[in-house]
Number of protein chains: 2
Amino acid sequence: MATTTKAAQRAQARVDYDAFLSVCPSRQLLDRISDKWVVLVLCALGGDTADGGGAPRAMRYSELSRLLAGVSQKMLTQTLRSLERDGLLTRTVTPTVPVTVSYELTDLGLSLRDLTRGLRHWAQDHMAEVLAHRDDHDAATS
Amino acid sequence: MATTTKAAQRAQARVDYDAFLSVCPSRQLLDRISDKWVVLVLCALGGDTADGGGAPRAMRYSELSRLLAGVSQKMLTQTLRSLERDGLLTRTVTPTVPVTVSYELTDLGLSLRDLTRGLRHWAQDHMAEVLAHRDDHDAATS
DNA sequence: CGGAATCCTAACCGATACTG
DNA sequence: CAGTATCGGTTAGGATTCCG
């Protein structure tokens, strides 16, 4: 055995490359932010509906579920949990007869929402352009 | 058989819910943007390195590969292809002896980079805050 | 109502090997 | 150098069912 071993080389590489983006602490957050459902939940709770208007407001679980629709309750719950854990939203349980739970963005969550809103608007604004490029490319490489 | 059938109900639901966010055309773009490697490639080509400075510049495949490091060539190629297809960057092949390929952001890509840069900065700025919340939460739910 | 637990498939993604 | 092709492990994520 012994002799170099690819594993050792890989381990070394894993140390070397970390310089730029890999273990940068913001990477973990970036990964979290770059989650599809995270962005959508932020949009929903932030009142950033399709028309771009609306004020932030608390919403109940079922309300979110209905609004985001395409999401399974598993993903919704999972997303809400992680956002709560990170302090981007608060979860309030009201022990009424059938339990009532409402979610609301914190200041931290609101600040992030401003950015995700930008992403949404960019997507809307440049949609046509991107689709045009896509067609050109597909036609050229057919 | 016949009788309602859950499948039919689900099919109906699938039509109903599309109103808000599901089939909104910006959703497809949002999904693309919300990709980890897409954001990193944009940062790299946009000159948005860890220190936040730098001007956009063309980069070669191997250069990107080295800079992003954690990425496999499969993911890098795949990401670059999709970005090229969407017109966010250009791929230029120079038929030198060993082929030279360089990638550069288009205006469209640059406009998106401005947003992803914002995300990166948000992540850096609020990193500590998020981690603090996370600790609190973990301690409370232990 | 608002979840948690289970199962199970589809996709992502990394490692390897081969091409031009 | 800059890819493509293939295989396999890991995980995301959907459907279903049950619980407080």
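Labels below follow one simple rule: chain letters A, B, ... track the order of the sequence lines, proteins then strands, and each chain is numbered from 1. Since we're looking at a predicted model, the values are computed, not measured.
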Problem set entry | Side chain proximity check, Leu108(A) to Trp122(B), heavy atoms < 4.5 angstrom | yes
For this session: Round to the nearest Å and state the distance from Lys36(B) atom NZ to dC12(C) atom C1'.
Result: 10 Å
Problem set entry | Test item: Thr106(A) side-chain N/O and Gly87(A) main-chain N/O as donor-acceptor pair under 3.5 Å | yes
Problem set entry | Side-chain (Ser65(A)) to main-chain (Tyr61(A)) donor-acceptor, under 3.5 angstrom | no
Exercise. Quick one: is dC1(C) close enough that its OP1 or OP2 comes under 4.0 Å of any side-chain N or O from Ser62(A)?
Worked result: no
Seminar exercise, completed: side-chain contact (heavy atoms from CB on, under 4.5 Å) filter on Ser82(B), not counting sequence neighbours, yields Arg32(B)
Exercise. Under 3.5 Å, side chain of Tyr103(A) to main-chain N/O of Glu84(A), donor-acceptor pair present?
Worked result: no
Exercise. Donor-acceptor pair, Ser102(B) side chain versus Met59(B) backbone, under 3.5 Å?
Worked result: no
For this session: Take the protein atom CG of Leu76(B) and the nucleotide atom P of dC13(C), then report the distance between them rounded to whole Å.
Result: 13 Å
Exercise. What do the steps show when you test Ile33(B) against Val38(B) for side-chain contact (heavy atoms from CB on, under 4.5 Å), and what is the final call?
Worked result: CA-CA 6 Å; Ile33(B) 295 168; Val38(B) 165; 5.6 Å; no
For this session: Taking only the side-chain nitrogens and oxygens of Arg60(B), find out if one of them lies under 4.0 Å from OP1 or OP2 of dC1(D).
Result: no
Exercise. Looking at side-chain heavy atoms only, is the closest gap between Leu83(B) and Leu105(B) below 4.5 Å?
Worked result: no
Exercise. Which nucleotide in the list dA2(D), dG13(D), dG2(C) gets nearest to the side chain of Asp35(A)?
Worked result: dG13(D)
Exercise. Whole-Å distance between dC8(C) C1' and Met75(A) CE?
Worked result: 14 Å
Seminar exercise, completed: Angle separating the five-pair end axes of the helix from dG2(C)-dC19(D) to dG20(C)-dC1(D), nearest 10°, is 40°
Exercise. In whole angstrom, what separates Leu67(A)'s CG from dG2(C)'s P?
Worked result: 14 Å
Output one line per pair: protein atom, nucleotide atom from nucleotides 3-7 of chain C, and distance, for all N/O pairs under 3.5 Å.
residue: dG3(C); atom: OP1; partner: Arg91(A); partner atom: NE; Å: 3.1
residue: dG3(C); atom: OP1; partner: Arg91(A); partner atom: NH2; Å: 2.6
residue: dG3(C); atom: OP1; partner: Tyr103(A); partner atom: OH; Å: 3.4
residue: dG3(C); atom: OP2; partner: Tyr103(A); partner atom: OH; Å: 2.5
residue: dG3(C); atom: O3'; partner: Arg81(A); partner atom: NH2; Å: 3.1
residue: dA4(C); atom: OP1; partner: Arg81(A); partner atom: NH2; Å: 2.7
residue: dA4(C); atom: OP2; partner: Arg81(A); partner atom: NH2; Å: 3.4
residue: dA4(C); atom: N6; partner: Gln73(A); partner atom: NE2; Å: 2.5

